[in-house]
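Take a look at the structure set out below.
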Amino acid sequence: MPGARESLLDSAYAALGRRPWSAVRMVDVAAVAGVSRQTLYNEFGSKEGLARALVRREVDGYLAGVERALTSHPEPGERLVAAAQWTVSAARGNVLVRAMLTGCWSERLPSLTLSAVPSSSTVPAQRRADGPLPSPGDFVGLVRDRAVASLARPGASQAESGDLVRACELAVRLGLSCVLVPAGEKGTAEMVRRVLASTRAAV
């Protein structure tokens with residue numbers, strides 16, 4: 001039930017904005033979504049399953065935003081700037097994205113293991129949610145690799161490819177550093193541009 005699943009995840013996210021996850025009740029999540037509690041359990045199996053599905057959705061949403069940022073400008077360097085800016089704005093606007101990117105999970109948020117958990121769900125989306133969740137270090141690699149794929153030029157030399165990988169990782173890490181220590185309205189973009197200008201990579 002894709003529609004019901006999204007409604008339940010929306011309801012759970014809204015509930016998390018009002019109270020700590022430990023105080024969020026499954027019956028209330030179901031009621032706000034307009035479905036039965038049994039439907040909720042059929043979709044997610046448990047409250048932990050709901051939490052993992054919610055985190056997985058936010059992971060996917062953040063990475064989809066990275067993909068959009070990396071196609072948002074004709075100039076390669078500005079794509080990296082856009083990806084770093086998206087990282088900062090996504091973390092500012094979403095407590096789960098911020099926790100995933102930094103590894104700083106407050107007591108208000110679900111307490112989840114990042115490793116896979118046993119899953120007996122027949123719902124494909126839930127089996128995926130029960131799989132491993134990315135760590136902050138995993139995000140560096142995931143975003144870096146997407147940036148490299150977006151910016152790589154056919155026929156580039158091995159040295160050029162290595163420079164591109166390093167430039168992309170620097171841009172990603174700068175974006176993450178600005179999540180932890182905000183750099184102001186235009187600070188992230190200016191910082192990434194300066195670092196790219198000082199590298200040998202042709203971006």
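All values reported here derive from a predicted model rather than from experimental measurement.
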Exercise for review: Assess whether side-chain contact (heavy atoms from CB on, under 4.5 Å) is satisfied between E43 and L9, documenting all intermediate values.
Suggested key: CA-CA 10 Å; E43 278 294 321; L9 290 171; over 6 Å; no

Review point. Rounded to the nearest 0.5 Å, how far does CG of L151 lie from OG of S161?
Key: 11.5 Å

Check your understanding: What are the two closest non-hydrogen atoms of M191 and C178, and how far apart are they?
Key -> CE-SG, 3.9 Å

Review point. Are D60 and R57 ion-paired here, with the side-chain N under 4.0 Å from a carboxylate O?
Key: no

Study note, to complete from the structure: Of all heavy-atom pairs linking L40 and V29, the shortest is CD1-CG1, 3.7 Å

For residues 12-26, tabulate all N or O donor-acceptor pairs below 3.5 Å that involve a side-chain atom, not counting sequence neighbours.
from: R18; atom 1: NH1; to: A14; atom 2: O; distance (Å): 3.4
from: R25; atom 1: NE; to: D28; atom 2: OD2; distance (Å): 2.9
from: R25; atom 1: NH2; to: D28; atom 2: OD1; distance (Å): 3.1

Study note, to complete from the structure: Sequence neighbours excluded, the answer for side-chain contact (heavy atoms from CB on, under 4.5 Å) partners of T122 is none

Review point. Going from CG on D138 to CG on L101, what distance comes out if it is rounded to the nearest 0.5 angstrom?
Key: 11.5 Å

Practice item. Quick one: list whatever passes side-chain contact (heavy atoms from CB on, under 4.5 Å) with V117, sequence neighbours left out. Key: E48, R52, T113, D130

What pairs of donor and acceptor atoms, side-chain ones from residues 61-70 against any protein atom, are under 3.5 angstrom apart with sequence neighbours left out?
from: Y62; atom 1: OH; to: T87; atom 2: OG1; distance (Å): 2.7
from: E67; atom 1: OE2; to: R146; atom 2: NE; distance (Å): 3.0

Review point. Do L180 and L176 share a hydrophobic cluster (ILVMFWY, side-chain heavy atoms under 4.5 Å, transitive)?
Key: no

Practice item. Decide whether L112 and L109 are clustered together by the hydrophobic rule: side chain heavy atoms of Ile, Leu, Val, Met, Phe, Trp, Tyr closer than 4.5 Å, transitively. Key: yes

Point to revise | Qualifying salt bridge (charged side-chain N to carboxylate O under 4.0 Å, His left out) pairs with a residue from residues 70-86, counting only residues at least two apart or across chains | key: E78-R193

Point to revise | Atom pair OH/NZ of Y41 and K47 - distance to nearest 0.5 Å | key: 9.0 Å

Point to revise | CD-CG distance between E160 and L164, expressed to the nearest 0.5 angstrom | key: 9.5 Å

Practice item. Locate the shortest heavy-atom distance separating V140 from V172; write the atom from each residue and the value. Key: CA-CG1, 4.0 Å

Practice item. Only counting residues at least two apart or in another chain, list the ones meeting salt bridge (charged side-chain N to carboxylate O under 4.0 Å, His left out) with E58. Key: none

